[in-house]
Engineer: 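Dropping the structure in here first, questions after.
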2 protein chains.
Amino acid sequence: MKKPNVTTLGYAILGLLHVEPRTGYALRKVFETTPMGHYSSSPGAIYPALKRLEERGLASSKIDDSTKLRPKQVYSTTRTGVDFLRYWVSQPIEKQNVVHDLGDLMLRFSFMGTLVNDRVTYRFLSQMASGINLYVGELEQMLQDMPVTVPPHGRLALQSGISTYRAQANWARQAMREFASEAERDAEK
Amino acid sequence: MKKPNVTTLGYAILGLLHVEPRTGYALRKVFETTPMGHYSSSPGAIYPALKRLEERGLASSKIDDSTKLRPKQVYSTTRTGVDFLRYWVSQPIEKQNVVHDLGDLMLRFSFMGTLVNDRVTYRFLSQMASGINLYVGELEQMLQDMPVTVPPHGRLALQSGISTYRAQANWARQAMREFASEAERDAEK
DNA sequence: CCCCCCATGTAACATGTTACATGATTGA
DNA sequence: TCAATCATGTAACATGTTACATGGGGGG
């Protein structure tokens with residue numbers, strides 16, 4: 001078994017399988033009808049991705065013949081797969097994550113519920129909030145250093161980024177409150 | 001000449017070349033040091049992308065021997081390339097854009113300054129704001145319909161999306177003010 | 001003298017996109 | 001009977017990733 005090298009789509013699938021075993025078709029439905037659709041979706045991506053997860057020992061499939069329809073291939077996570085997911089969501093947040101893929105971070109967050117305890121979730125949110133704050137500082141510096149140009153589009157685009165990040169940081173701080181109880185017991189020592 | 005089929009990275013490069021002619025190396029610097037780095041960056045992506053833009057008649061290059069350093073290959077946009085960019089940024093905003101790639105929309109916006117007039121920019125922002133509002137409505141509906149689960153992560157992730165989109169819509173409405181003058185003359189008829 | 005910056009590129013590889021192919025069942 | 005939904009897949013193709021290769025110039 002090779003060192004599992006999984007793409008974002010792979011993680012998204014694995015996370016969904018951990019919530020509940022599903023067929024490739026069911027996964028496609030999820031990607032088509034929810035905001036997760038970002039991690040597209042076409043059969044040409046899903047089915048090969050499932051095959052890879054199975055090859056790498058992170059998921060396993062069994063055939064369901066019980067319906068009159070075409071037999072389904074139902075995938076679920078393996079023990080290894082769950083451990084792998086847990087490891088993934090528990091990684092410390094790097095600056096790079098904040099800069100390039102907040103989406104990835106949110107994907108990790110949305111799967112944490114059944115994988116880690118509130119303390120880990122709390123730490124994640126806290127790291128996210130402070131990571132964003134740091135980066136917002138940098139962006140504001142860029143804004144300051146930006147020469148005043150005639151078309152204001154560049155400056156405005158930067159401001160858009162800043163306000164988006166701010167909103168995300170606010171959300172994180174709000175969300176922290178929902179996981180504070182367990183974390184506080186920890187801090188009171 | 002084939003129908004130009006350009007990726008997001010291609011558009012990002014083309015837009016930067018339109019601002020100012022550059023070498024592949026200079027482009028890499030931009031991607032490494034600004035938030036545009038999202039549209040990565042490695043030589044293995046940039047140089048082939050430049051070659052493609054040239055093949056498709058959207059950019060042209062000439063060699064700059066004037067420095068003592070290794071001769072540079074400086075790329076700039078062609079007339080066709082500029083028209084193509086303008087066409088791209090001027091497209092009406094589809095729901096799909098709002099759902100999947102706000103980032104793309106912001107890329108388009110940031111290049112509009114030297115390509116279209118304020119009226120087009122205004123229309124773009126207006127479409128963006130209302131598109132987002134519609135989608136936020138849908139997301140809120142999803143939130144309502146969501147069963148109350150023990151780990152609140154799913155619900156919170158959705159709320160994060162909602163507040164991010166709200167921030168973006170607010171930004172758009174604010175930005176509209178900067179382009180209102182020309183647009184108002186239009187509306188007063 | 002050594003390392004970093006300038007500057008361009010290629011090769012192997014994995015992944016994702018688009019389009020096609022197949023076929024049974026269910027509801028209008 | 002016709003369309004939609006369930007259900008899985010493949011083939012060709014373009015793109016991006018990682019790592020490697022090359023080499024001169026300038027500063028400490």
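Lettering of chains follows the sequences in order, A, B, ..., and the numbering in each one begins at 1.
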Engineer: Can you tell me how far P of D:dT15 sits from OH of B:Tyr39, to the nearest Å?
Structural biologist: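 Rounded to whole Å, this separation is 17 Å.
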
Engineer: Which sits closer to the 5' end of DNA chain C, A:Arg70 or A:Ala49, going by the nucleotide each is nearest to?
Structural biologist: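 Its nucleotide being nearer the 5' end, the pick is A:Ala49.
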
Engineer: Centre-to-centre under 6.0 Å for A:Tyr11 and A:Phe84, is that the case here?
Structural biologist: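 Between A:Tyr11 and A:Phe84, the centre distance is under 6.0 Å.
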
Engineer: Given atom OH of A:Tyr75 and atom C1' of D:dT8, what is their separation to the nearest angstrom?
Structural biologist: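 To the nearest whole Å, that distance equals 9 Å.
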
Engineer: Do we see a donor-acceptor contact under 3.5 Å between the side chains of A:Glu54 and A:Ser61?
Structural biologist: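 The criterion, which ignores hydrogens and geometry beyond distance, is satisfied for A:Ser61 and A:Glu54.
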
Engineer: Round to the nearest Å and state the distance from B:Ile46 atom CD1 to C:dT10 atom P.
Structural biologist: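 It is 15 Å, rounded to the nearest whole Å.
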
Engineer: Please report the distance, rounded to the nearest Å, between CG in A:Leu50 and P in D:dT10.
Structural biologist: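 That distance rounds to 12 Å.
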
Engineer: Does D:dT15 have OP1 or OP2 sitting under 4.0 Å from an N or O in the side chain of B:Lys51?
Structural biologist: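 B:Lys51 to D:dT15 OP1/OP2: no side-chain N or O under 4.0 Å.
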
Engineer: What's B:Arg52 touching, base or sugar-phosphate or nothing? Going by heavy atoms closer than 4.0 Å.
Structural biologist: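 The answer is sugar-phosphate, as B:Arg52 gets under 4.0 Å only of primed atoms, P, OP1 or OP2.
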
Engineer: Whole angstroms only, please: what is the CD-P distance between A:Gln73 and D:dT10?
Structural biologist: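 Those two atoms, CD and P, are 11 Å apart.
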
Engineer: Between A:Lys29 (NZ) and D:dT5 (C1'), how many Å, whole number?
Structural biologist: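 From A:Lys29 NZ to D:dT5 C1': 7 Å.
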
Engineer: B:Phe111 and B:His18: aromatic ring centres closer than 6.0 Å?
Structural biologist: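 Between B:Phe111 and B:His18, the centre distance exceeds or equals 6.0 Å.
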
Engineer: Are B:Arg52 and B:Glu55 ion-paired here, with the side-chain N under 4.0 Å from a carboxylate O?
Structural biologist: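 The answer is no: the pair does not qualify as a salt bridge.
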
Engineer: Can A:Gln141 and A:Asp145 be counted as having a side-chain donor-acceptor contact under 3.5 angstrom?
Structural biologist: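 Looking only at side-chain atoms, A:Asp145 and A:Gln141 do form a donor-acceptor pair, the distance falling under 3.5 Å.
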
Engineer: Please check if the distance between the ring centroids of A:Tyr135 and A:Tyr165 is under 6.0 Å.
Structural biologist: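 Between A:Tyr135 and A:Tyr165, the centre distance is under 6.0 Å.
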
Engineer: From the set C:dT18, D:dG9, D:dT15, return the single nucleotide nearest to any side-chain atom of A:Tyr47.
Structural biologist: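 Of C:dT18, D:dG9, D:dT15, D:dG9 is nearest to the side chain of A:Tyr47.
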
Engineer: On the nucleotide D:dG24, are OP1 or OP2 found under 4.0 Å from the side-chain N or O atoms that B:Lys72 carries?
Structural biologist: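 No, B:Lys72 has no side-chain N/O under 4.0 Å of OP1/OP2 on D:dG24.
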
Engineer: Expressed as a whole number of angstroms, how long is the span from A:Asn5:CG to D:dA19:P?
Structural biologist: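 These atoms are roughly 11 Å apart.
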
Engineer: Can you list, in residue-number order, the parts of residues 6-27 of chain A that come under 4.0 Å of DNA chain D, counting heavy atoms only?
Structural biologist: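 A:Thr23, A:Gly24, A:Tyr25 - these, ordered by number, are the residues of the stretch whose heavy atoms sit under 4.0 Å from the strand.
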
Engineer: May I ask you to evaluate whether A:Ser42 reaches the phosphate of C:dT17, defined as a side-chain N or O under 4.0 Å from OP1 or OP2?
Structural biologist: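 Yes, within the criterion.
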
Engineer: For residues B:Phe124 and A:His153, establish whether the separation of their ring centroids is below 6.0 Å.
Structural biologist: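 When the ring centroids of B:Phe124 and A:His153 are compared, they turn out to be at least 6.0 Å apart.
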
Engineer: I need the CD-C1' distance between A:Glu55 and C:dA14, as an integer number of Å.
Structural biologist: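 Roughly 12 Å, once rounded to whole Å.
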
